[in-house]
Enquirer: 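Mind looking over this structure? Questions follow.
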Amino acid sequence: MALEKPSPNESPFTRRTLLAGAATAFVPVSAILPTAQAAPPARALTAEQRKLTEMLVDRILPADELGPGALELGAANYIDVQMAGYLAPQKEAFLAGLAALDAYAKETRGASFANMSADQRDAVLTAITQEGAPQNLRAFFNQARTYTIQGTFGDPHYGGNLGGKGWDIIRYPGPRLATTQEMQKMDRPAQPYRRSAWGNE
């Protein structure tokens, strides 16, 4: 399903436009990450990089009247943890993109991306997704959006989707190994099962 094109007066970073693509493209992160982490997870980002990441995911999928956004659901934490693990091969490119985004914000708006208001950050992100924007920033935004979706809707084991509440947004009941006949009836919503497929969260 293609994303809806926002109107001229509408920011493209809304839950409605993001979920139009996310709901159909969603693959549980447990299906693509190979092994569990036994020890407390390592972290990849400095405090400054983590703050930039938090402000980025907050505008890619902001909180609204429907519920919490990517920041509240731990997408930045997912990125921080997985850049030290499964996503380590992408770490250098991601950090270069963060730095380029911040430099672009300072050059065009006179302030660090993390220190801007939400509306100012939306304006920067809108600019870098338009035709004619620096190609490296457009590519970075697309990759950051993918990580944000993974961290918001993937298995909580990997550091995001806190409490499994991201699953409620896309009406995914959770990874049950078995269901009863009563639970399979189509005349009622599925009951949430907000636990990791690993069974340890």
Side-chain angles (χ1 to χ4, degrees), residues 11-13 18 21-22 25-63 69-162 166:
S11 167
F13 311 106
L18 181 99
F26 171 63
V27 176
V29 175
S30 57
I32 60 172
L33 298 185
T35 57
Q37 298 168 337
R43 310 262 171 191
L45 307 180
T46 66
E48 181 180 4
Q49 291 163 347
R50 172 65 181 252
K51 184 66 173 178
L52 276 170
T53 301
E54 289 176 350
M55 295 302 96
L56 176 58
V57 303
D58 179 57
R59 301 320 303 159
I60 291 176
L61 178 52
L71 179 60
E72 294 84 358
L73 292 172
N77 190 64
Y78 161 80
I79 293 171
D80 196 355
V81 170
Q82 295 308 322
M83 285 292 165
Y86 179 75
L87 294 176
Q90 283 76 53
K91 177 183 174 181
E92 184 176 348
F94 180 78
L95 295 184
L98 271 184
L101 173 65
D102 202 38
Y104 181 84
K106 292 174 181 176
E107 178 184 348
T108 60
R109 302 281 169 168
S112 172
F113 185 81
N115 295 330
M116 291 178 168
S117 68
D119 287 344
Q120 290 172 324
R121 282 182 271 132
D122 282 352
V124 170
L125 295 180
T126 299
I128 69 173
T129 59
Q130 302 300 311
E131 292 293 335
Q135 190 65 34
N136 64 321
L137 283 176
R138 293 182 68 192
F140 167 71
F141 175 81
N142 289 334
Q143 193 63 71
R145 180 181 180 276
T146 296
Y147 296 152
T148 299
I149 291 172
Q150 291 175 351
T152 303
F153 304 116
D155 193 295
H157 177 79
Y158 298 102
N161 188 11
L162 299 180

Enquirer: According to salt bridge (charged side-chain N to carboxylate O under 4.0 Å, His left out), does anything in residues 69-78 pair up with another residue at least two apart or in another chain? List the pairs.
Expert: none

Enquirer: Check side chain to side chain donor-acceptor pair (under 3.5 Å) between Thr46 and all other residues, then give those that pass, not counting sequence neighbours.
Expert: Gln49

Enquirer: Can you list everything that forms a side chain to side chain contact (heavy atoms under 4.5 Å, CB included) with Ala100? Sequence neighbours excluded, please.
Expert: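 For Ala100 the side chain to side chain contact (heavy atoms under 4.5 Å, CB included) partners, ignoring immediate neighbours, are Asn136, Leu137.
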
Enquirer: Any idea which heavy atoms bring Thr148 and Ala70 closest together, and the distance?
Expert: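 Of all heavy-atom pairs spanning Thr148 and Ala70, the closest is CG2-CB, 3.6 Å.
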
Enquirer: Sequence neighbours excluded, which residues qualify as salt bridge (charged side-chain N to carboxylate O under 4.0 Å, His left out) partners of Glu131?
Expert: Arg138

Enquirer: Excluding sequence neighbours, so at least two apart, what forms side chain to side chain donor-acceptor pair (under 3.5 Å) with Ser112?
Expert: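 Ser112 satisfies side chain to side chain donor-acceptor pair (under 3.5 Å) with Asp102 only.
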
Enquirer: Is the gap between the ring centers of Phe94 and Phe140 under 6.0 Å?
Expert: yes

Enquirer: Taking side chain as C-beta onward, heavy atoms only, is Tyr147 less than 4.5 Å from Gln82?
Expert: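 No, side chains not in contact.
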
Enquirer: Which residues satisfy the salt bridge (charged side-chain N to carboxylate O under 4.0 Å, His left out) test with Arg43, sequence neighbours excluded?
Expert: none

Enquirer: What pairs with Tyr104 under ring-ring contact (aromatic ring centres under 6.0 Å, His included), at least two apart in sequence or on another chain?
Expert: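 ring-ring contact (aromatic ring centres under 6.0 Å, His included) check on Tyr104 returns nothing, list empty.
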
Enquirer: If we ignore hydrogens and angles and just use 3.5 Å, is the side chain of Gln130 paired with the main-chain N or O of Thr126 as donor and acceptor?
Expert: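 Answer holds: yes.
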
Enquirer: Can you list everything that forms a side chain to side chain donor-acceptor pair (under 3.5 Å) with Gln120? Sequence neighbours excluded, please.
Expert: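 Applying side chain to side chain donor-acceptor pair (under 3.5 Å) to Gln120 gives Ser117.
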
Enquirer: What I'd like to find out is whether the side chain of Leu98 reaches to under 4.5 Å of the side chain of Thr53, using heavy atoms alone.
Expert: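 Leu98 reaches Thr53 side chain to side chain.
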
Enquirer: Sorted by first residue and then second, give each salt bridge (charged side-chain N to carboxylate O under 4.0 Å, His left out) pair with at least one member in residues 84-97; sequence neighbours left out.
Expert: none

Enquirer: Nearest heavy-atom pair of Ile128 and Phe141: which atoms, and what distance?
Expert: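 In this case the closest contact between Ile128 and Phe141 is CD1-CB, 4.0 Å.
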
Enquirer: Specify the closest pair of heavy atoms between Ala114 and Leu52, including all atoms of both residues, with the distance to one decimal.
Expert: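 Smallest interatomic distance, heavy atoms only, reads N-CD2, 3.9 Å.
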
Enquirer: Does any part of the side chain of Leu101, heavy atoms only, come nearer than 4.5 Å to the side chain of Leu125, both counted from C-beta?
Expert: yes

Enquirer: Compare every heavy atom of Pro41 with every heavy atom of Val81, then report the nearest pair and how far apart it is.
Expert: CG1-CB, 3.4 Å

Enquirer: The criterion is salt bridge (charged side-chain N to carboxylate O under 4.0 Å, His left out); which residues satisfy it with Glu54, sequence neighbours excluded?
Expert: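 Only Arg50 meet the salt bridge (charged side-chain N to carboxylate O under 4.0 Å, His left out) criterion with Glu54.
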
Enquirer: Give me the atom names and distance for the closest heavy-atom approach of Ala84 to Ala44.
Expert: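 In this case the closest contact between Ala84 and Ala44 is N-CB, 3.6 Å.
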
Enquirer: Is there a donor-acceptor pair closer than 3.5 Å between any side-chain N or O of Asn161 and the backbone N or O of Gly154?
Expert: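 Yes, the answer is positive, given that a donor and an acceptor are paired below the 3.5 Å cut-off.
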
Enquirer: Sorted by first residue and then second, give each ring pair (Phe, Tyr, Trp, His ring centres under 6.0 Å) pair with at least one member in residues 113-135; sequence neighbours left out.
Expert: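 Of all non-adjacent pairs touching residues 113-135, none passes ring pair (Phe, Tyr, Trp, His ring centres under 6.0 Å).
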
Enquirer: I'd like to check the side chain to side chain contact (heavy atoms under 4.5 Å, CB included) partners of Ala111; sequence neighbours left out, ordered by chain and number.
Expert: Met116

